[in-house]
Every structure is written in structure tokens, then in C-alpha cells.
There are 2 protein chains.
Amino acid sequence: MATIKDVAVKAGVAISTVSAVINRSAPVSEDVIARVEAAISAIGYLPHGAAKALRSGNSRLIGVILPDITNPFFSMVARVIETVCMKAGYMTFVYNTDEDPQHEMHILRMMRMQRVAGMILISTRSDAEHGRRLMAEINVPTVLFSSAVPVTPYDAITLDERKASRLAIDYLAGLGHRRIGVVSGRPLVSTHEERLESCLEALAAHGIPPQPDLIVAANFDQQQAFEATRALLALPDPPTAIFAFSNLMLIGVMRALVTSGRSCPRDISLVGVGDFDWPEIMNPQVTVVSMPAAQMAEFTIATLLAEIAGKRPPTGKRTLFPPELIVRASCASAELMPSQKRRQPARAE
Amino acid sequence: MATIKDVAVKAGVAISTVSAVINRSAPVSEDVIARVEAAISAIGYLPHGAAKALRSGNSRLIGVILPDITNPFFSMVARVIETVCMKAGYMTFVYNTDEDPQHEMHILRMMRMQRVAGMILISTRSDAEHGRRLMAEINVPTVLFSSAVPVTPYDAITLDERKASRLAIDYLAGLGHRRIGVVSGRPLVSTHEERLESCLEALAAHGIPPQPDLIVAANFDQQQAFEATRALLALPDPPTAIFAFSNLMLIGVMRALVTSGRSCPRDISLVGVGDFDWPEIMNPQVTVVSMPAAQMAEFTIATLLAEIAGKRPPTGKRTLFPPELIVRASCASAELMPSQKRRQPARAE
DNA sequence: CATCGTGGTCGAAACGTTTCGTGAAAAAGT
DNA sequence: ACTTTTTCACGAAACGTTTCGACCACGATG
């Protein structure tokens with residue numbers, strides 16, 4: 001491979017001069033610029049990223065750590081980040097954790113070895129102990145997305161989780177539902193904790209006491225949501241509506257409904273959080289609490305870039321974005337439902 | 001940040017000795033190993049990736065270039081690659097091209113600046129001119145996935161595209177369909193060209209002459225497939241079945257059906273290529289030609305890793321994987337369809 | 001006329017590793 | 001007891017850049 005030295009001899013100038021024209025870091029005469037550029041394209045020179053990074057102490061690399069790129073929400077976020085970063089002259093490493101804290105630590109280590117200039121961390125555990133281990137491992141500008149880890153000095157960008165729950169529960173309760181199943185996420189994840197807490201508050205506000213048997217945790221996992229819903233439906237007095245904490249879990253719930261021969265919204269109503277790209281092709285078209293995902297992603301990467309540039313120091317603050325209820329066809333009034341007596345408990349299995 | 005030198009002084013040994021214990025690249029006494037390891041964890045030393053890469057000439061980086069990570073097919077492939085690479089001690093750069101050749105070239109350049117050890121290139125244009133430009137830019141072990149560029153020395157892993165078309169057309173023709181719409185991809189992409197060619201062959205084998213007005217190209221794009229389908233449905237004599245060349249385009253077709261008030265499979269039958277994760281929640285559940293995506297991805301990365309390790313030189317050969325027809329509920333016998341006379345042409349717009 | 005920038009160029013040091021040749025000490029062979 | 005081999009540790013060079021101080025020529029300033 002050609003090096004900067006080859007360019008220098010070909011153009012008949014010093015190495016440092018070539019560097020100056022490449023980076024426009026010092027004044028160079030028109031004449032020399034032309035010669036150097038000619039030499040560069042003549043021998044097909046491409047700077048060596050690692051050498052640049054080593055010497056300049058700036059890798060121009062950004063790490064993105066997320067639960068699962070297979071989830072359309074995260075892949076969309078990753079694309080936004082990639083695009084913005086590329087424009088700013090940064091490359092991105094995107095890595096999946098599957099929400100496994102140990103794996104997450106490993107990835108963090110790899111990113112630090114690459115001396116990333118900054119990181120975006122999505123949806124990790126958020127208990128204090130994990131927070132401390134995280135902080136020990138991170139010492140690079142970082143912003144948290146879609147989750148809030150306590151006791152960190154890092155900025156966080158999230159949905160207004162409490163409002164999201166309220167939107168869903170108010171809607172369902174407004175339709176007359178009193179037995180509302182909640183397919184929640186994973187304990188210790190802030191998204192889960194906050195949504196769950198305000199779910200209970202919203203239910204209470206409608207005079208509905210906590211019904212522990214209707215609240216199941218499915219770890220933000222599609223298959224677990226499927227199984228949890230099967231269990232919910234097998235209850236002697238099953239819920240008339242279900243609120244699922246994520247898009248993938250909503251899919252799990254829907255699969256459980258078709259497997260059990262339930263029709264939505266005739267037999268049961270459904271609300272999820274997180275929208276889908278093509279709701280028209282789903283059966284039924286689901287009512288969801290949507291989030292301004294693209295804007296959130298843009299704000300996140302802008303915050304990180306500003307912090308890296310040293311323009312804005314980390315404030316440790318949290319920025320909330322407002323959710324929105326999108327009503328489609330997966331909910332019906334509780335009064336219009338066929339009486340629960342008429343329906344048999346799901347066949348034993 | 002701590003350097004290897006700090007470790008060396010802390011452990012009271014030479015720098016080269018520390019390097020030897022980190023990389024197990026030379027015999028070191030138990031005693032010294034212990035001292036060095038203690039020093040490493042004491043000061044929290046992490047090797048500097050760029051320095052390693054620069055000196056050793058091995059970045060341990062692999063580039064993955066794909067059209068769009070948002071497409072579930074590609075995100076799944078990316079995950080498989082990430083996992084396998086991580087086990088082999090490589091990190092991955094995943095980048096989106098949106099099938100834009102110019103952007104693709106730019107990404108290629110960035111990857112070469114990072115001195116990636118190898119690349120996986122997915123679904124690019126495959127005409128000879130682009131192939132030449134590509135070859136000028138690439139000089140690193142590479143394997144092509146899901147597309148074949150002619151005149152390259154690189155291995156390619158693809159579906160057996162001809163069989164995929166045959167499976168779909170045989171099935172549809174077997175149901176009695178004679179007017180079969182084809183929502184194809186993008187000219188110059190091998191996947192498109194081969195599928196289209198064998199579509200025509202398969203149609204001919206069933207005594208169906210080419211019907212140019214029923215064949216539309218939608219660039220593998222969901223929205224374009226939507227529009228193309230609208231046009232197809234507005235034809236005086238619309239098709240009774242549609243074959244879409246990709247998962248996303250199939251979604252576009254389905255959206256067009258919904259928007260036009262067509263019911264599938266009553267009014268029109270549908271086959272796509274590429275399966276969906278949760279077909280149960282779709283309306284209707286689609287019949288598709290599926291591909292063994294995970295196995296293909298594993299084979300691809302294994303091939304690349306072997307080539308990087310120098311175990312297997314690039315053969316320039318192409319490996320085909322067999323597609324499979326998965327029959328679900330989106331196709332009906334042409335004879336059972338309401339007569340086409342009874343149906344009005346789609347309302348003008 | 002002496003002095004002071006200033007635009008343009010250069011050479012060399014440094015970034016944090018790996019690698020290779022050297023050599024001392026210990027182990028093995030005669 | 002003397003060589004030969006093996007084992008372990010070391011020092012220094014090199015990887016391809018950036019960056020900084022030095023230098024020179026030249027026009028501007030006092």
C-alpha cells in the first residue's frame with residue numbers, strides 16, 4: 001500500500017507538506033497543492049486510519065451499543081446515527097447486546113480498545129450496581145438513549161415513559177375495560193420500571209386496583225410475550241384488553257391471540273408502544289403509543305457530537321420526548337364484547 | 001490512558017515482555033506472567049487498537065456493506081456475521097448503501113482507510129463497468145453475498161435465483177393463473193436479472209407468452225412496489241396473481257391491495273421471495289419462496305475468514321443455496337376467483 | 001536601513017504497539 | 001567438566017501518521 005511518503009517523493013515535497021494539504025491544516029501554495037493532489041490520485045494513496053488515530057489521538061470512531069439491530073426500532077435509530085455521523089466525518093461501530101449485561105461489558109471493552117471518541121448506549125440495565133460498573137468501564141463522552149441509568153454523569157434521551165403508560169391506560173379504561181393485562185419488560189430497566197409504575201397509577205386513577213395476576217414480565221422478548229399471553233388467556237377470568245410495553249412484545253401477544261383462536265378486537269383489545277412501519281398489512285391494524293424515534297435519534301447523536309467537540313459539557317440531564325396515541329383497529333369498547341361467560345377458558349394444554 | 005509502558009514499569013519488566021504475555025506470542029515464566037497480569041488489572045490497562053493495527057499490519061476489522069439494515073433480512077444477516085466475527089476476534093463495520101453505487105464507493109474508501117482485513121459485499125449493481133470500478137477500489141479479501149458481480153475474482157454466495165422464480169411461477173401457473181404480474185427489482189442487479197429471466201422461461205414452459213405490461217421494476221423498494229402495483233391493478237385487464245421479487249416489495253404490493261380494496265386471495269393471489277419472521281400476524285399470511293438466510297450468512301463469513309487466514313485462496317466461484325416454497329394463505333385457484341368481468345377496473349385517480 | 005512579521009516549506013520527534021536479534025542463564029547432552 | 005541447546009527476558013527499530021519548532025525569503029513597518 002502506498003504511504004504518505006510515497007506521495008511526498010512523487011510530488012517532490014516533504015511528508016509534512018503532504019499532510020498539510022490533505023488536512024488543510026497549514027497554508028500551502030496553490031502550485032504545491034496541485035502537485036500533491038496529482039501525486040495522490042496517481043498512486044492511489046489512501047491515508048492509514050490507524051496511523052492517523054494513533055498519532056492524532058483521535059479515532060473519529062463512534063460506538064453504538066443497542067439490544068438488537070433486528071428490532072426495526074433500533075435498526076432505524078442506527079441508520080439515523082450512521083448518516084449523521086458520516087456527515088460529521090465519524091465512522092460508527094454498531095453492536096448488539098441482547099440486553100446481556102456481561103456481553104455489554106465485553107463490547108464496551110472492545111470499543112474502548114478502538115479508542116472510540118464517543119458512545120451511544122441504548123437500553124441497558126439501569127440499576128445502581130450496573131451503573132457503577134458501567135462508569136468504571138466508560139471514560140469517554142457517552143449519551144444514553146431510551147434508558148436512564150441512575151448516578152451517571154451522562155445525558156439521557158428517552159420517551160416520556162409515564163405519559164406513554166397514561167395514554168394507553170386512559171384509552172383502554174375509557175373504553176370500559178377493567179381487566180387490563182400488562183405485558184411488561186424486564187425489571188431493572190428504566191423503561192420498564194417507569195412504564196409499570198405509571199401504569200399502576202393510571203389504573204388507580206380509574207379506580208382499578210392492582211391486579212398482580214394480570215401483570216407479566218416478558219423481558220422485552222417476543223417469544224416470552226407470546227408465552228405470557230397464552231398464560232394470561234388461560235386464566236379463569238382473562239383480561240379484556242392487553243397493553244404491551246414494546247413493539248416486539250406486541251407481536252408476541254398477537255401471535256398468542258391467533259394461536260388461541262382469539263379475534264382482536266372482538267374478543268380482546270390491544271395497545272402497544274412503538275409503532276410499525278406498515279401497519280396496514282397487519283391483522284388487526286394495531287393501536288399504539290408511538291414515539292418520535294427519528295427525532296430522538298437525531299437529538300441523541302447531535303448531543304454526543306457536541307459533547308465530543310467540547311462545545312457542550314455533559315449535563316447529566318435527561319431529555320424527554322412526547323409519545324402519541326395512534327388509534328387504529330385493535331380496540332373495542334368493553335361493553336360491546338361478547339360476554340366473558342360465553343367464552344370457554346382456552347383449551348387445556 | 002495507561003499504556004503498555006506503564007504496565008511494564010509497574011510489573012518491573014520490559015515492554016516486550018508485557019507484549020509477550022498479552023499475546024502469548026513468546027514463552028514467559030509463570031512468575032512474570034502473574035506479575036504482569038496483576039499490573040494490567042491494577043492500572044486498568046487496555047491495549048490501543050490503532051497502535052496494534054499500525055504496527056502489526058492487522059486491523060482485525062471486517063467491513064459489511066449492505067443495502068439497508070432496516071430490511072429484516074439484512075439485519076438478520078448482519079447479526080450472524082457480527083456474532084461469528086466476534087468469536088473469531090474480529091470487529092465489524094456495518095454500512096448501508098441504499099443501493100447507491102456512488103455512496104457504495106465512498107463507503108468502500110472509508111473501509112479501506114480503516115484497513116479492514118476483509119469485506120462482505122451485499123447486493124450491489126453487477127454490471128461489468130461497476131465491477132471494474134469496484135475491483136479498482138477493492139484490494140482486500142472479499143466475498144459477495146446475495147449478488148454476483150461478473151468478472152471479479154471474488155467468491156459469491158447467492159440463492160439459486162432461477163429455481164426461486166421457477167418455484168413461484170410453477171405454483172401460480174399450477175393454480176391456473178395465466179395473467180401473472182411480476183414486481184421485479186432493479187436492472188443490472190444480478191438477483192433481478194436472473195430471477196426475471198427464469199420467470200419468463202418458467203412462464204413460457206407453461207405456455208404463457210411474455211406480457212410486458214404485467215412486468216414492472218420497483219428497484220427492490222417498498223414504496224415503488226406499492227405504486228407499481230396500483231398501476232397494475234388499474235390495468236383494463238389486471239393480473240390475477242402477483243409475484244414480488246423481495247420481502248419489502250411484497251409489503252408494498254400488499255399495501256396497494258389494501259388501499260385499492262382488493263382482498264387477497266379472493267381477488268388476487270400473491271407470492272413473494274424472502275420470508276417474514278412472524279407471518280401469523282400478517283393479513284393475509286403470505287406464501288413465499290424462502291431462503292436459508294442464516295446458513296448462507298454463516299457460509300459467507302466462514303468463507304471470508306478462511307480466506308483472510310490464508311487457508312483457502314479465493315476461487316471466484318459461486319455457491320448457490322436452494323430456495324423453498326412455503327405455502328400459506330395468499331394464493332387461490334384461478335378458477336375459484338370471482339369472474340374478472342364482475343370486477344370494475346380500479347376507480348380512476 | 002534594520003526589523004518585524006508572515007506565508008511557505010522542511011526535518012524530526014512522538015503516538016503505542018509488535019517483532020526481531022541479542023544474550024544471559026538454565027538445562028541437557030557428551 | 002565442557003559444549004550445545006533451550007528458555008526467558010531485554011532493547012531498539014519500525015509501522016504511517018501529525019505536529020511543532022526552525023528556517024528562509026520577502027514584503028511591510030518603523
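Since the structure is predicted, the reported quantities are computational estimates derived from the model, not experimental observations.
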> What residues, two or more places apart in sequence or in another chain, satisfy side-chain contact (heavy atoms from CB on, under 4.5 Å) together with A:Ile15?
Replying inline: A:Ile4, A:Lys5, A:Ala8

>> At a heavy-atom distance below 4.0 Å, what parts of residues 12-36 of chain A sit against DNA chain D?
In response: A:Ile15, A:Ser16, A:Ser19, A:Asn23

> To the nearest 0.5 Å, what is the distance between NZ (A:Lys317) and CD1 (A:Ile157)?
Replying inline: 11.5 Å

> Can a salt bridge be assigned to the pair B:Asp31 and B:Arg35 using a cut-off of 4.0 Å between side-chain N and carboxylate O?
Replying inline: yes

>> Minimum heavy-atom separation for A:Gln114 and A:Leu61, please, with both atom names.
In response: O-CD2, 4.0 Å

Side chains of residues 303-314 of chain B: which donor-acceptor partners sit under 3.5 Å, not counting sequence neighbours?
| from | atom 1 | to | atom 2 | distance (Å) |
| --- | --- | --- | --- | --- |
| B:Thr303 | OG1 | B:Phe299 | O | 2.7 |

>> Between the opening five pairs and the closing five pairs of the helix from C:dC1-D:dG30 to C:dT30-D:dA1, how far apart are the helix axes, to 10°?
In response: 40°

>> side chain to side chain donor-acceptor pair (under 3.5 Å), that's the test. Do A:Thr319 and A:Asp155 meet it? Break it down for me.
In response: CA-CA 8 Å; A:Thr319 305; A:Asp155 286 12; over 6 Å; no

> In terms of ring plane angle, is the pair A:Phe93 and B:Phe93 parallel, tilted or perpendicular, where the classes change at 30° and 60°?
Replying inline: parallel

>> If I compare all heavy atoms of B:Ala297 with all of B:Val77, which pair ends up nearest, and what's the gap?
In response: CB-CG1, 4.0 Å

Going by atom type alone, with no hydrogens or angles, which donor-acceptor pairs under 3.5 Å involve a side-chain atom of residues 79-90 of chain B and a protein atom two or more places apart or on another chain?
| from | atom 1 | to | atom 2 | distance (Å) |
| --- | --- | --- | --- | --- |
| B:Arg79 | NH1 | A:Asp68 | OD1 | 2.9 |
| B:Arg79 | NH1 | A:Asp98 | OD1 | 3.0 |
| B:Arg79 | NH2 | A:Asp98 | OD2 | 2.8 |
| B:Glu82 | OE2 | A:Asn96 | N | 3.3 |
| B:Thr83 | OG1 | B:Arg79 | O | 2.9 |

> At their closest point, which heavy atom of A:Thr191 faces which heavy atom of A:Ser146, and how far apart are they?
Replying inline: OG1-O, 3.0 Å

> First contact, last contact: which nucleotides of DNA chain C are these for chain B, 5' to 3', heavy-atom distance under 4.0 Å?
Replying inline: C:dG16 to C:dT19

